[in-house]
Amino acid sequence: MDQHIERPLSPHLQIYRPQLTSVLSFSHRVSGIALAVGSPVLVYWLIAASMGASAYATLHGFLDSWIGLAVLFCWTYALFYHLCNGIRHLLWDVGYGFELGTIYRSGWTVIGISTLATVAAWFAGVVVGG
Amino acid sequence: MQRLTAVALVPLTLWIAVSLFARINEDYSSFLQWLRAPANTILMVLLLISVFYHTALGLRVVVEDYVHSEGVKISMVVAIELLCFALAIAGIVATLRIAFSG
């Protein structure tokens, strides 16, 4: 495999109109990457908790800041989105939902449920949470 | 395995999301108390294993799609897999340290 020959590539992003299918597929990948990038924070949070109250408080100080909360919000949105679209993928794996109409309806459902879940979870946590 | 960890992650993710959002305003000691409950300790360990296995597989697919130089591709996949394994172990050890110290 010679990687050094520069060969022309047909344009893609400049040509194809974004559609729900392609946008959701790309979002699934991007959200997966975002979740992966944030996963060390989950581990660090457990480590900080195991180290004692002051390590835990330091991490929470950052997470409670405006930027920390904004990042957390986006990360949980990525989580709910990847979860919902992941279920859509699993349904495809067992053969369900390939008709075009169903694809679009399930796609909008994923957007709706993940947005709703994110907003509801944060609202419940911040306003109601114990 | 990607599908298997995906299936496992559906209930595990819902569990962790509900558990944490319900406790978002609670303090350090009540978090420890929650994690020390045997069911929660076990679920956290299962979550860490499933998440990092799933993440390693997912990132491998991404690398294979965009990196075409064989050497770079293999190095990146190996690095990602080792990192995911290390993170899973670190998370599990931290969880067990909390669970057994209470």
Side-chain angles (χ1 to χ4, degrees), chain A residues 1-4 7 28-60 63-64 69 72 76 79-80 82-90 92-94 117-118 120-130, chain B residues 2-3 5-7 9-14 16-18 20-32 34-35 44-45 47-48 51-52 54-59 61-62 65-72 80 83-84 86-101:
Chain A
M1 275 277 186
D2 192 350
Q3 311 296 333
H4 305 296
R7 295 191 176 90
H28 195 73
R29 175 164 284 199
V30 164
S31 62
I33 294 170
L35 292 171
V37 167
S39 62
V41 177
L42 171 70
V43 173
Y44 180 66
W45 173 58
L46 289 168
I47 292 177
S50 74
M51 278 166 45
S54 96
Y56 191 76
T58 308
L59 176 64
H60 268 248
L63 292 176
D64 268 332
L69 287 171
L72 258 182
T76 54
L79 184 69
F80 284 120
H82 196 84
L83 173 65
C84 292
N85 202 236
I87 292 172
R88 186 168 170 245
H89 261 96
L90 288 172
W92 288 334
D93 284 340
V94 293
T118 309
W122 279 91
F123 183 78
V126 170
V127 172
V128 176
Chain B
Q2 191 178 54
R3 305 306 194 261
T5 50
V7 168
L9 281 169
V10 172
L12 286 169
T13 305
L14 289 170
I16 190 99
V18 168
L20 294 184
F21 273 107
R23 289 173 180 75
I24 208 170
N25 293 320
E26 282 181 5
D27 64 6
Y28 174 61
S29 51
S30 67
F31 170 68
L32 292 186
W34 170 80
L35 191 56
M44 183 62 87
V45 172
L47 176 73
L48 288 164
V51 159
F52 284 109
H54 188 83
T55 299
L57 288 172
L59 290 178
V61 169
V62 173
D65 274 353
Y66 300 131
V67 178
H68 303 298
S69 149
E70 199 70 19
V72 176
I80 286 169
L83 187 63
C84 282
L87 285 169
I89 295 296
I92 291 170
V93 169
T95 302
L96 293 178
R97 285 187 69 218
I98 293 170
F100 294 138
S101 68

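By convention in this document, chain letters (A, B, ...) are assigned in the order of the sequence lines, proteins followed by strands, and residues within each chain are numbered from 1. Just so it is clear, the model here is predicted, and its values are computed rather than measured.
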* Asked: So do A:Tyr56 and B:Leu32 actually touch side chain to side chain, heavy atoms under 4.5 Å?
  -> no
Using non-hydrogen atoms only, which part of [X] is less than 4.5 Å away from chain B: side chain, backbone, both, or neither?
| X | value |
| --- | --- |
| A:Trp122 | both |
| A:His28 | neither |
| A:Leu90 | side chain |
| A:Tyr44 | neither |

To the closest 0.5 Å, what do you measure between [atom1] ([X]) and [atom2] ([Y])?
| X | Y | atom1 | atom2 | value |
| --- | --- | --- | --- | --- |
| B:Ile24 | A:Leu72 | CD1 | CG | 7.5 Å |
| B:Arg97 | A:Ile47 | CZ | CD1 | 9.5 Å |
| A:Ser54 | B:Tyr28 | OG | OH | 9.0 Å |

* Asked: With sequence neighbours excluded, what pairs up with B:Thr13 under the side chain to side chain contact (heavy atoms under 4.5 Å, CB included) test?
  -> A:Leu79, A:Leu83, B:Leu9
* Run the numbers on B:Val10 and A:Ile87 for side chain to side chain contact (heavy atoms under 4.5 Å, CB included), then give the verdict. => CA-CA 8 Å; B:Val10 172; A:Ile87 292 172; 4.0 Å; yes
I need the minimum non-hydrogen distance between [X] and [Y], along with the two atoms involved.
| X | Y | value |
| --- | --- | --- |
| A:Gly125 | B:Asn25 | O-ND2, 3.2 Å |
| A:Ser50 | B:Ala94 | CB-O, 3.7 Å |
| A:Ala49 | B:Phe31 | CB-CE2, 3.7 Å |
| A:Ser39 | B:Phe52 | OG-CE2, 3.4 Å |
| B:Thr55 | A:Ala36 | CG2-CB, 3.5 Å |

Which bit of [X] comes within less than 4.5 Å of chain A, counting heavy atoms only: side chain, backbone, both or neither?
| X | answer |
| --- | --- |
| B:Ala88 | neither |
| B:Arg3 | both |
| B:Leu35 | side chain |
| B:Leu48 | side chain |
| B:Val7 | both |
| B:Leu87 | both |
| B:Leu96 | neither |

* Look at B:Val18, B:Asp27, B:Leu20 and state which one has the largest set of heavy-atom pairs under 4.5 Å with chain A. => B:Leu20
* Structure fact -> Max heavy-atom pairs within cutoff under 4.5 Å with chain A, candidates B:Leu14, B:Ile92, B:Asp65, goes to B:Asp65
* Asked: Crowded around A:Arg29 CZ? As in, over 12 foreign heavy atoms under 6.0 Å?
  -> yes
* To do: Please identify each residue that fulfils side-chain hydrogen bond (donor to acceptor under 3.5 Å, both in side chains) with B:Thr5, with sequence neighbours left out.
  => B:His54
* Asked: Hey, which of A:Ala48, A:Ala53, A:Gly32 has the most heavy atom pairs under 4.5 Å with chain B?
  -> A:Ala53
